[in-house]
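Some notes on the structure that comes next.
Everything numeric here is computed off the predicted structure, so don't read it as measured data.
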Amino acid sequence: MGLVTGKKALVLGVANKHSIAWGIAQVLHREGASLWLNYQNERFYKNVAELAAELDPHIPLSECDVTKPEQVGNLFAEIERRWGKLDILVHSLAFAPKEALEGEFYKTTLEQWNIALEVSAYSLVLCARHAKPLLEKEGGSIITLTYLGSQRAVKNYNVMGVAKAALEAAVRYLAADLGPFNIRVNAISAGPIKTVAARGVSGFSSILKVVEEKAPLRRNVTQEEVGKVALFLASDLASAVTGEVIFVDCGFHAVGV
Ligand SMILES: NC(=O)c1ccc[n+]([C@@H]2O[C@H](COP(=O)([O-])OP(=O)(O)OC[C@H]3O[C@@H](n4cnc5c(N)ncnc54)[C@H](O)[C@@H]3O)[C@@H](O)[C@H]2O)c1
(Lines give C-alpha, C1' and ligand atoms only; values in the text may rest on other atoms or scores of the structure.)
Protein backbone atom coordinates (compact mmCIF):
# COMPACT_ATOMS: atom_id res chain seq x y z
CA MET A 1 0.00 0.00 0.00
CA GLY A 2 1.29 3.45 -0.95
CA LEU A 3 1.53 6.49 1.32
CA VAL A 4 -1.42 8.18 -0.41
CA THR A 5 -3.44 5.16 -1.54
CA GLY A 6 -7.10 6.06 -2.02
CA LYS A 7 -6.43 9.81 -1.95
CA LYS A 8 -7.66 12.16 -4.68
CA ALA A 9 -5.14 14.73 -5.89
CA LEU A 10 -5.54 17.75 -8.14
CA VAL A 11 -2.15 18.75 -9.55
CA LEU A 12 -2.05 22.18 -11.20
CA GLY A 13 0.89 23.25 -13.33
CA VAL A 14 2.03 20.45 -15.61
CA ALA A 15 3.26 21.99 -18.87
CA ASN A 16 5.76 19.34 -19.98
CA LYS A 17 7.92 16.51 -18.67
CA HIS A 18 10.31 18.98 -17.02
CA SER A 19 7.60 20.65 -14.92
CA ILE A 20 7.95 20.31 -11.16
CA ALA A 21 4.23 19.49 -11.14
CA TRP A 22 4.97 16.48 -13.33
CA GLY A 23 7.61 15.25 -10.87
CA ILE A 24 5.05 15.57 -8.08
CA ALA A 25 2.27 13.92 -10.11
CA GLN A 26 4.45 10.90 -10.85
CA VAL A 27 5.39 10.36 -7.20
CA LEU A 28 1.80 10.80 -5.97
CA HIS A 29 0.57 8.35 -8.60
CA ARG A 30 3.26 5.82 -7.72
CA GLU A 31 2.20 6.03 -4.06
CA GLY A 32 -1.43 5.30 -4.84
CA ALA A 33 -3.19 8.65 -5.40
CA SER A 34 -5.79 9.19 -8.12
CA LEU A 35 -4.83 12.24 -10.17
CA TRP A 36 -6.63 15.10 -11.88
CA LEU A 37 -4.51 17.49 -13.98
CA ASN A 38 -5.10 20.85 -15.57
CA TYR A 39 -3.62 22.46 -18.66
CA GLN A 40 -3.40 26.22 -18.91
CA ASN A 41 -4.85 26.46 -22.41
CA GLU A 42 -5.15 24.56 -25.71
CA ARG A 43 -1.44 25.07 -26.42
CA PHE A 44 -0.54 22.75 -23.52
CA TYR A 45 -3.24 20.13 -24.05
CA LYS A 46 -1.29 17.68 -26.23
CA ASN A 47 1.75 17.60 -23.94
CA VAL A 48 -0.29 17.16 -20.79
CA ALA A 49 -2.57 14.53 -22.36
CA GLU A 50 0.41 12.47 -23.56
CA LEU A 51 2.11 12.61 -20.18
CA ALA A 52 -1.07 11.76 -18.26
CA ALA A 53 -1.70 8.78 -20.54
CA GLU A 54 1.74 7.39 -19.58
CA LEU A 55 0.44 7.01 -16.03
CA ASP A 56 -3.22 6.21 -16.63
CA PRO A 57 -5.38 6.97 -19.69
CA HIS A 58 -8.34 7.75 -17.40
CA ILE A 59 -6.80 10.73 -15.60
CA PRO A 60 -9.25 13.63 -16.00
CA LEU A 61 -7.81 16.75 -17.66
CA SER A 62 -9.38 20.19 -17.43
CA GLU A 63 -8.52 23.45 -19.08
CA CYS A 64 -7.87 25.97 -16.31
CA ASP A 65 -6.17 29.33 -16.56
CA VAL A 66 -6.12 30.71 -13.02
CA THR A 67 -6.77 34.25 -14.28
CA LYS A 68 -10.15 33.03 -15.54
CA PRO A 69 -12.34 32.64 -12.46
CA GLU A 70 -15.06 30.78 -14.39
CA GLN A 71 -12.55 28.10 -15.43
CA VAL A 72 -11.38 27.72 -11.82
CA GLY A 73 -15.01 27.45 -10.68
CA ASN A 74 -15.82 24.89 -13.38
CA LEU A 75 -12.81 22.76 -12.50
CA PHE A 76 -13.77 22.42 -8.83
CA ALA A 77 -17.46 21.92 -9.69
CA GLU A 78 -16.45 19.07 -12.01
CA ILE A 79 -14.29 17.50 -9.27
CA GLU A 80 -17.24 17.74 -6.86
CA ARG A 81 -19.50 15.99 -9.40
CA ARG A 82 -17.03 13.24 -10.23
CA TRP A 83 -15.11 12.64 -7.01
CA GLY A 84 -17.31 14.29 -4.35
CA LYS A 85 -14.18 15.24 -2.36
CA LEU A 86 -10.52 16.18 -2.69
CA ASP A 87 -7.58 15.21 -0.45
CA ILE A 88 -4.59 16.92 -2.04
CA LEU A 89 -4.25 20.18 -3.98
CA VAL A 90 -0.88 20.88 -5.58
CA HIS A 91 -0.42 24.46 -6.83
CA SER A 92 2.73 24.50 -8.95
CA LEU A 93 2.38 27.50 -11.21
CA ALA A 94 3.67 31.02 -11.58
CA PHE A 95 4.14 33.66 -14.23
CA ALA A 96 5.67 37.09 -14.74
CA PRO A 97 6.32 38.83 -18.05
CA LYS A 98 9.83 38.03 -19.30
CA GLU A 99 10.86 41.73 -19.41
CA ALA A 100 10.25 41.88 -15.63
CA LEU A 101 12.70 39.04 -15.02
CA GLU A 102 15.83 40.86 -16.12
CA GLY A 103 17.61 44.07 -15.22
CA GLU A 104 16.64 46.31 -12.36
CA PHE A 105 13.71 45.55 -10.08
CA TYR A 106 12.83 49.23 -9.58
CA LYS A 107 11.75 49.40 -13.24
CA THR A 108 8.88 46.94 -12.63
CA THR A 109 5.64 48.40 -13.99
CA LEU A 110 2.31 48.19 -12.20
CA GLU A 111 1.02 45.94 -14.97
CA GLN A 112 3.95 43.50 -14.59
CA TRP A 113 3.52 43.56 -10.80
CA ASN A 114 -0.21 42.84 -11.03
CA ILE A 115 0.24 39.95 -13.47
CA ALA A 116 2.99 38.33 -11.38
CA LEU A 117 1.10 38.68 -8.11
CA GLU A 118 -2.22 37.55 -9.56
CA VAL A 119 -0.96 34.41 -11.28
CA SER A 120 1.72 33.43 -8.79
CA ALA A 121 0.20 34.33 -5.41
CA TYR A 122 -3.49 35.28 -5.56
CA SER A 123 -4.28 32.12 -7.52
CA LEU A 124 -3.42 30.04 -4.44
CA VAL A 125 -6.04 31.92 -2.43
CA LEU A 126 -8.61 31.54 -5.21
CA CYS A 127 -7.96 27.80 -5.54
CA ALA A 128 -7.99 27.28 -1.77
CA ARG A 129 -11.37 29.01 -1.55
CA HIS A 130 -12.85 26.70 -4.17
CA ALA A 131 -11.12 23.61 -2.77
CA LYS A 132 -12.17 24.12 0.88
CA PRO A 133 -15.61 22.46 0.66
CA LEU A 134 -14.00 19.43 -1.00
CA LEU A 135 -10.90 19.22 1.19
CA GLU A 136 -12.74 19.60 4.48
CA LYS A 137 -14.79 16.43 3.96
CA GLU A 138 -11.96 14.18 5.14
CA GLY A 139 -9.20 16.70 5.85
CA GLY A 140 -6.68 17.65 3.21
CA SER A 141 -3.34 19.07 2.18
CA ILE A 142 -2.57 22.09 0.00
CA ILE A 143 0.98 22.37 -1.33
CA THR A 144 2.48 25.24 -3.29
CA LEU A 145 5.92 25.93 -4.78
CA THR A 146 8.13 28.84 -3.84
CA TYR A 147 11.77 29.93 -4.16
CA LEU A 148 14.50 31.51 -2.04
CA GLY A 149 14.07 34.74 -4.05
CA SER A 150 11.20 35.53 -1.64
CA GLN A 151 13.72 36.14 1.16
CA ARG A 152 16.88 37.23 -0.67
CA ALA A 153 17.37 39.59 -3.58
CA VAL A 154 18.29 37.11 -6.32
CA LYS A 155 19.58 38.80 -9.48
CA ASN A 156 16.85 39.07 -12.17
CA TYR A 157 14.22 37.23 -10.08
CA ASN A 158 12.80 40.68 -9.26
CA VAL A 159 8.99 40.91 -9.10
CA MET A 160 8.73 37.12 -8.86
CA GLY A 161 10.56 37.38 -5.52
CA VAL A 162 7.87 39.77 -4.31
CA ALA A 163 5.16 37.41 -5.60
CA LYS A 164 6.79 34.48 -3.77
CA ALA A 165 6.97 36.53 -0.54
CA ALA A 166 3.22 37.16 -0.91
CA LEU A 167 2.66 33.49 -1.66
CA GLU A 168 4.53 32.40 1.49
CA ALA A 169 2.55 34.87 3.61
CA ALA A 170 -0.63 33.53 2.00
CA VAL A 171 0.43 30.01 3.03
CA ARG A 172 0.52 31.11 6.68
CA TYR A 173 -2.84 32.95 6.53
CA LEU A 174 -4.50 30.05 4.72
CA ALA A 175 -3.03 27.61 7.24
CA ALA A 176 -4.57 29.69 10.05
CA ASP A 177 -7.98 29.87 8.33
CA LEU A 178 -8.18 26.28 7.18
CA GLY A 179 -6.50 24.45 10.07
CA PRO A 180 -9.77 24.19 12.04
CA PHE A 181 -11.17 22.26 9.06
CA ASN A 182 -8.21 19.86 9.15
CA ILE A 183 -6.77 21.32 5.96
CA ARG A 184 -3.00 21.83 6.05
CA VAL A 185 -1.25 24.39 3.85
CA ASN A 186 2.48 24.30 3.14
CA ALA A 187 5.04 25.45 0.60
CA ILE A 188 8.09 23.74 -0.82
CA SER A 189 10.95 26.11 -1.55
CA ALA A 190 12.66 24.24 -4.36
CA GLY A 191 16.20 24.77 -5.57
CA PRO A 192 16.61 25.75 -9.23
CA ILE A 193 15.46 23.20 -11.82
CA LYS A 194 15.64 23.73 -15.59
CA THR A 195 11.99 24.25 -16.59
CA VAL A 196 10.24 26.61 -18.99
CA ALA A 197 9.30 28.98 -16.15
CA ALA A 198 12.86 28.97 -14.77
CA ARG A 199 14.37 29.67 -18.18
CA GLY A 200 12.27 32.85 -18.25
CA VAL A 201 14.57 34.28 -15.55
CA SER A 202 17.53 35.94 -17.24
CA GLY A 203 20.86 34.21 -16.43
CA PHE A 204 19.15 31.16 -14.95
CA SER A 205 22.00 28.75 -15.84
CA SER A 206 24.42 30.72 -13.69
CA ILE A 207 22.10 30.13 -10.70
CA LEU A 208 22.34 26.38 -11.33
CA LYS A 209 26.14 26.63 -11.38
CA VAL A 210 26.36 28.60 -8.14
CA VAL A 211 24.17 26.05 -6.33
CA GLU A 212 26.36 23.20 -7.61
CA GLU A 213 29.44 24.95 -6.22
CA LYS A 214 28.05 26.24 -2.92
CA ALA A 215 25.18 24.00 -1.74
CA PRO A 216 26.18 21.64 1.09
CA LEU A 217 25.27 18.67 -1.12
CA ARG A 218 27.25 20.18 -4.06
CA ARG A 219 24.54 19.52 -6.62
CA ASN A 220 21.15 20.67 -7.80
CA VAL A 221 17.86 19.15 -6.68
CA THR A 222 15.81 16.87 -8.96
CA GLN A 223 12.12 16.96 -9.84
CA GLU A 224 11.75 13.59 -8.13
CA GLU A 225 13.23 14.93 -4.86
CA VAL A 226 10.70 17.77 -4.83
CA GLY A 227 8.01 15.18 -5.59
CA LYS A 228 9.04 13.10 -2.59
CA VAL A 229 8.72 16.05 -0.20
CA ALA A 230 5.34 16.87 -1.74
CA LEU A 231 4.37 13.25 -1.05
CA PHE A 232 5.42 13.67 2.59
CA LEU A 233 3.35 16.87 2.92
CA ALA A 234 0.38 15.23 1.21
CA SER A 235 0.50 12.15 3.41
CA ASP A 236 -0.37 11.44 7.01
CA LEU A 237 3.35 11.55 7.81
CA ALA A 238 2.95 15.34 7.87
CA SER A 239 -0.32 15.37 9.83
CA ALA A 240 0.97 18.06 12.23
CA VAL A 241 2.80 20.18 9.65
CA THR A 242 1.05 23.32 8.42
CA GLY A 243 1.94 26.94 7.64
CA GLU A 244 5.48 25.79 6.81
CA VAL A 245 7.95 26.56 4.04
CA ILE A 246 10.25 23.58 3.54
CA PHE A 247 13.47 24.04 1.60
CA VAL A 248 14.28 21.28 -0.88
CA ASP A 249 17.43 22.80 -2.32
CA CYS A 250 20.38 20.58 -1.31
CA GLY A 251 20.89 22.97 1.61
CA PHE A 252 21.77 26.05 -0.45
CA HIS A 253 19.56 28.36 1.67
CA ALA A 254 21.56 27.47 4.79
CA VAL A 255 25.00 28.66 3.71
CA GLY A 256 26.59 32.10 3.51
CA VAL A 257 29.71 33.02 1.57
N1 LIG B 1 12.13 25.59 -11.73
C2 LIG B 1 12.64 26.20 -10.67
O3 LIG B 1 13.83 26.47 -10.62
C4 LIG B 1 11.74 26.54 -9.51
C5 LIG B 1 12.32 26.72 -8.23
C6 LIG B 1 11.48 27.03 -7.17
C7 LIG B 1 10.12 27.18 -7.37
N8 LIG B 1 9.60 27.01 -8.63
C9 LIG B 1 8.16 27.15 -8.80
O10 LIG B 1 7.62 25.93 -9.21
C11 LIG B 1 6.37 26.18 -9.84
C12 LIG B 1 6.29 25.39 -11.14
O13 LIG B 1 7.18 25.92 -12.10
P14 LIG B 1 8.14 25.00 -12.98
O15 LIG B 1 9.53 25.42 -12.68
O16 LIG B 1 7.75 23.60 -12.88
O17 LIG B 1 7.88 25.56 -14.46
P18 LIG B 1 6.83 25.11 -15.61
O19 LIG B 1 6.99 26.14 -16.68
O20 LIG B 1 7.03 23.71 -15.99
O21 LIG B 1 5.44 25.26 -14.86
C22 LIG B 1 4.80 26.49 -14.71
C23 LIG B 1 3.33 26.22 -14.90
O24 LIG B 1 2.59 27.41 -14.63
C25 LIG B 1 1.47 27.36 -15.49
N26 LIG B 1 0.84 28.68 -15.57
C27 LIG B 1 1.40 29.88 -15.84
N28 LIG B 1 0.43 30.82 -15.91
C29 LIG B 1 -0.76 30.19 -15.65
C30 LIG B 1 -2.10 30.61 -15.60
N31 LIG B 1 -2.46 31.88 -15.82
N32 LIG B 1 -3.05 29.68 -15.31
C33 LIG B 1 -2.73 28.38 -15.10
N34 LIG B 1 -1.47 27.93 -15.15
C35 LIG B 1 -0.50 28.83 -15.43
C36 LIG B 1 2.07 26.92 -16.81
O37 LIG B 1 1.06 26.45 -17.69
C38 LIG B 1 2.98 25.80 -16.34
O39 LIG B 1 2.30 24.58 -16.33
C40 LIG B 1 6.27 27.69 -10.00
O41 LIG B 1 5.52 28.22 -8.92
C42 LIG B 1 7.71 28.12 -9.86
O43 LIG B 1 7.85 29.46 -9.47
C44 LIG B 1 10.38 26.68 -9.70
Side-chain angles (χ1 to χ4, degrees), residues 2-4 11 13-31 51 54 90-96 98 100-105 116 120 141 143-169 171-172 186-235 237-238 241-257:
L3 280 171
V4 285
V11 179
V14 177
N16 58 40
K17 66 175 182 190
H18 304 292
S19 296
I20 291 177
W22 180 237
I24 295 172
Q26 286 172 287
V27 175
L28 291 178
H29 177 264
R30 195 169 70 213
E31 289 292 321
L51 287 172
E54 283 176 19
V90 177
H91 172 277
S92 181
L93 56 95
F95 178 77
K98 195 165 171 28
L101 299 173
E102 60 191 13
E104 293 89 349
F105 168 66
S120 317
S141 172
I143 299 157
T144 189
L145 271 295
T146 186
Y147 176 61
L148 181 64
S150 63
Q151 300 180 2
R152 315 259 179 90
V154 175
K155 196 167 160 44
N156 296 323
Y157 201 62
N158 297 356
V159 71
M160 190 55 85
V162 176
K164 292 303 192 190
L167 180 75
E168 292 174 20
V171 162
R172 292 183 282 274
N186 293 289
I188 293 175
S189 188
I193 297 180
K194 215 185 272 177
T195 62
V196 172
R199 285 203 305 263
V201 180
S202 181
F204 175 75
S205 351
S206 61
I207 299 181
L208 286 171
K209 244 165 91 198
V210 171
V211 171
E212 231 171 74
E213 283 162 16
K214 300 254 160 76
L217 297 180
R218 298 288 189 276
R219 63 176 178 83
N220 279 289
V221 71
T222 67
Q223 235 180 343
E224 155 101 10
E225 287 172 316
V226 176
K228 286 192 289 189
V229 175
L231 168 68
F232 160 70
L233 289 172
S235 77
L237 293 177
V241 181
T242 194
E244 188 58 277
V245 177
I246 299 187
F247 282 93
V248 184
D249 68 346
C250 297
F252 182 75
H253 71 283
V255 296
V257 285

For [X], enumerate each residue passing the side-chain contact (heavy atoms from CB on, under 4.5 Å) test, keeping only those at least two apart in sequence or located in another chain.
X: Glu224; answer: Val27, Arg30, Thr222, Lys228
X: Ser92; answer: Ile20, Ala21, Val90, Leu145
X: Val241; answer: Asn186, Phe232, Leu233, Ala238, Glu244
X: Val248; answer: Ile188, Val221, Val226, Val229, Ile246

What's the spacing between [X] [atom1] and [Y] [atom2] if we round to 0.5 Å?
X: Phe252; Y: Glu213; atom1: CZ; atom2: CD; result: 10.0 Å
X: Thr144; Y: Leu167; atom1: OG1; atom2: CG; result: 4.0 Å
X: Ile143; Y: Leu28; atom1: CD1; atom2: CG; result: 7.0 Å
X: Lys214; Y: Cys250; atom1: NZ; atom2: SG; result: 15.5 Å

statement: Applying ring pair (Phe, Tyr, Trp, His ring centres under 6.0 Å) to His29 and not counting sequence neighbours gives none
field: Phe247: ring pair (Phe, Tyr, Trp, His ring centres under 6.0 Å) partners, not counting sequence neighbours
entry: His253
So, for [X] and [Y], which heavy atoms are closest and what is the spacing to 0.1 Å?
X: Ala100; Y: Val159; result: CB-CG1, 3.9 Å
X: His91; Y: Ser120; result: CE1-O, 4.0 Å
X: Pro192; Y: Asn220; result: CG-OD1, 3.6 Å

statement: Those residues at least two apart in sequence (or on a different chain) that pass side chain to side chain donor-acceptor pair (under 3.5 Å) with Glu104 are Lys107
query: Partners of Glu31 by salt bridge (charged side-chain N to carboxylate O under 4.0 Å, His left out), sequence neighbours excluded?
result: none
message: Just to verify, what does Arg172 make a salt bridge (charged side-chain N to carboxylate O under 4.0 Å, His left out) with, not counting sequence neighbours?
response: none
statement: residues 146-161 vs side chain to side chain donor-acceptor pair (under 3.5 Å), sequence neighbours excluded, gives Thr146-Glu168, Ser150-Glu168
- prompt: Got a sec, which pairs hit side chain to side chain donor-acceptor pair (under 3.5 Å) with one end in residues 190-209, sequence neighbours left out?
  reply: none
- prompt: Does the side chain of His18 come within less than 4.5 Å of Trp22's, by heavy atoms?
  reply: no
Polar side-chain atom of Gln223 near backbone of Ile193 as donor-acceptor pair, under 3.5 Å: no
